[in-house]
2 protein chains.
Amino acid sequence: MQDKYETKLRVRGYRMTPQREMIIAALTSSDHHITAEEIFASLHERTRALNIATVYRTLDLLVEEGLVCRTDLGGDRVYYAPLRHGPHIHLVCRHCGQVIEADYSQIAPLKKRLQEQYDFAADLKHVSFFGICETCQSTEQVEN
Amino acid sequence: MQDKYETKLRVRGYRMTPQREMIIAALTSSDHHITAEEIFASLHERTRALNIATVYRTLDLLVEEGLVCRTDLGGDRVYYAPLRHGPHIHLVCRHCGQVIEADYSQIAPLKKRLQEQYDFAADLKHVSFFGICETCQSTEQVEN
DNA sequence: TTTACTGCAAATAATTTGCAAAACT
DNA sequence: AGTTTTGCAAATTATTTGCAGTAAA
C-alpha cells in the first residue's frame with residue numbers, strides 16, 4: 001500500500017528515506033484524518049530519528065504531488081489523509097469533534113448549479129461542513 | 001446603521017466606547033469582508049487611540065453577540081462582515097482572490113439531504129467554497 | 001464609584017525557514 | 001560525487017492574554 005506512494009515518488013525523482021517511509025506508513029495505516037503533530041508524536045515515541053520539520057516538509061510534498069489530501073477541519077491544525085477513498089465530504093461536529101464522511105454525490109448538484117449560475121468552478125472534492133451530529137443534537141440544543 | 005449595533009450592545013449591558021464605535025463603523029462601511037488587521041490599519045492612520053488587541057476583542061464580542069459573521073476565506077487570516085445580508089455562500093477564487101457572494105438558496109437542498117441521510121445539522125449560513133472564477137477559468141487551465 | 005474596557009507588551013502555537021551536516025542514488 | 005533531504009534552532013505571524021491604568025455608567 002505504501003509501496004505505491006514510494007514508487008510514485010521515486011518515479012518522479014524524489015529520494016526515499018526512512019523518514020518518508022515512516023510518515024507514509026503512519027498516514028496510510030491511520031484510517032482517519034491526522035495532523036502533522038500526531039504523526040510526529042506516534043513515530044517519535046519509538047525513534048528519535050525524525051524531526052517535526054521533516055514531517056511538515058514531507059506532508060507538503062505529498063500534497064503537492066497529489067498523493068495526500070490536506071483538509072481544514074476547523075480549529076487551528078491542518079489535517080491530512082491519504083487519497084484512497086477519493087472525493088468525499090467531511091461533516092464535522094462542532095460539539096464532539098466527530099468527523100462523518102459523507103458521499104460526494106451529495107454535492108454534485110450544487111457544484112453544477114454554481115457553475116451554471118455563477119460561472120464558478122468550485123473544488124468540492126474534500127469540503128468540510130460544520131454542524132451538530134445526531135448524537136449531539138439530542139443532547140444539546142440546536143442553534144440552527 | 002451602526003446605531004443598531006450600538007443599541008443592541010447597550011441593551012445587552014455592554015458599554016459603548018469610541019473604539020467600539022470606530023470598529024463598528026469601519027465594519028459596516030466596508031461592503032466587503034475585512035480582516036482585523038485591515039480594520040486596525042484603516043483606523044490607525046487617523047487616530048492613535050486604538051490598539052490591535054482591542055480590535056480583536058471587539059470582533060470576538062460582535063461575533064459572540066451574533067452581530068458579525070466570522071468567515072474563513074482560506075489563507076491565514078480570518079475575515080469579518082456585518083450580518084445585514086443574511087446567510088450567503090462565499091465563492092472564493094483561488095487564483096485572483098475575488099469573493100463572489102452566492103445565494104443561500106443554492107445549498108438549502110444540500111442541507112436538507114445531509115440532515116435526512118446523515119442526521120447531521122450542517123451550519124451552512126456562511127460557508128466558503130474555493131475554486132476558480134469565470135475570468136480566471138478562461139485565463140488559467142482548470143484543474144478540476 | 002464601580003467594574004467593564006483598553007493599551008501595552010509579552011505569550012501562544014502551528015508552521016516555516018536558513019544552513020550546515022547527513023545520506024540517498 | 002553530487003544533489004537531495006534532514007535536523008536543529010531560530011523566525012514567522014495571526015491572534016491571545018495578563019495586568020495595571022482609564023473611562024463608561
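Please read all numbers here as calculations on a predicted model, not as lab measurements.
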Quick one: on DNA chain D, does B:D76 or B:M16 contact a more 5' nucleotide (nearest heavy atom)? B:D76
Quick one: does A:T54's side chain have a donor or acceptor within less than 3.5 Å of a partner on A:L50's backbone? no
Which of these passes salt bridge (charged side-chain N to carboxylate O under 4.0 Å, His left out) with A:R12: A:E6, A:E64, A:E65? A:E65
Report yes if some heavy atom in the side chain of B:I52 is under 4.5 Å from a heavy atom in the side chain of B:E37; otherwise report no. yes
Would you find a donor on one side and an acceptor on the other, under 3.5 Å apart, between the side chain of A:K111 and the backbone of A:L124? no
Quick one: are B:H88 and B:H126 in side-chain contact, heavy atoms under 4.5 Å? yes
Sequence neighbours excluded, the answer for ring pair (Phe, Tyr, Trp, His ring centres under 6.0 Å) partners of B:F40 is B:H44
Rounded to the Å, how far apart are B:I39 CD1 and D:dA14 P? 15 Å
Non-hydrogen side-chain atoms of A:R113 and B:P109 separated by less than 4.5 Å: yes
Establish, with yes or no, whether the OP1 or OP2 oxygen of D:dG7 is under 4.0 angstrom from a side-chain nitrogen or oxygen of A:Q19. yes
Would you say B:R20 reaches C:dC5's phosphate, i.e. side-chain N/O to OP1/OP2 under 4.0 Å? yes
If I take atom CE in residue A:M22 and atom P in nucleotide D:dT6, what distance separates them, rounded to the nearest angstrom? 12 Å
Do B:L9 and B:I24 come close enough that some side-chain heavy atom pair is under 4.5 Å? yes
What are the residues of residues 48-69 of chain A, sorted by number, that bring a heavy atom to within less than 4.0 Å of DNA chain C? A:A53, A:Y56, A:R57, A:D60
What is the bend of the helix from C:dT1-D:dA25 to C:dT25-D:dA1 when you compare the axis at one end with the axis at the other, using five pairs each and rounding to 10°? 30°
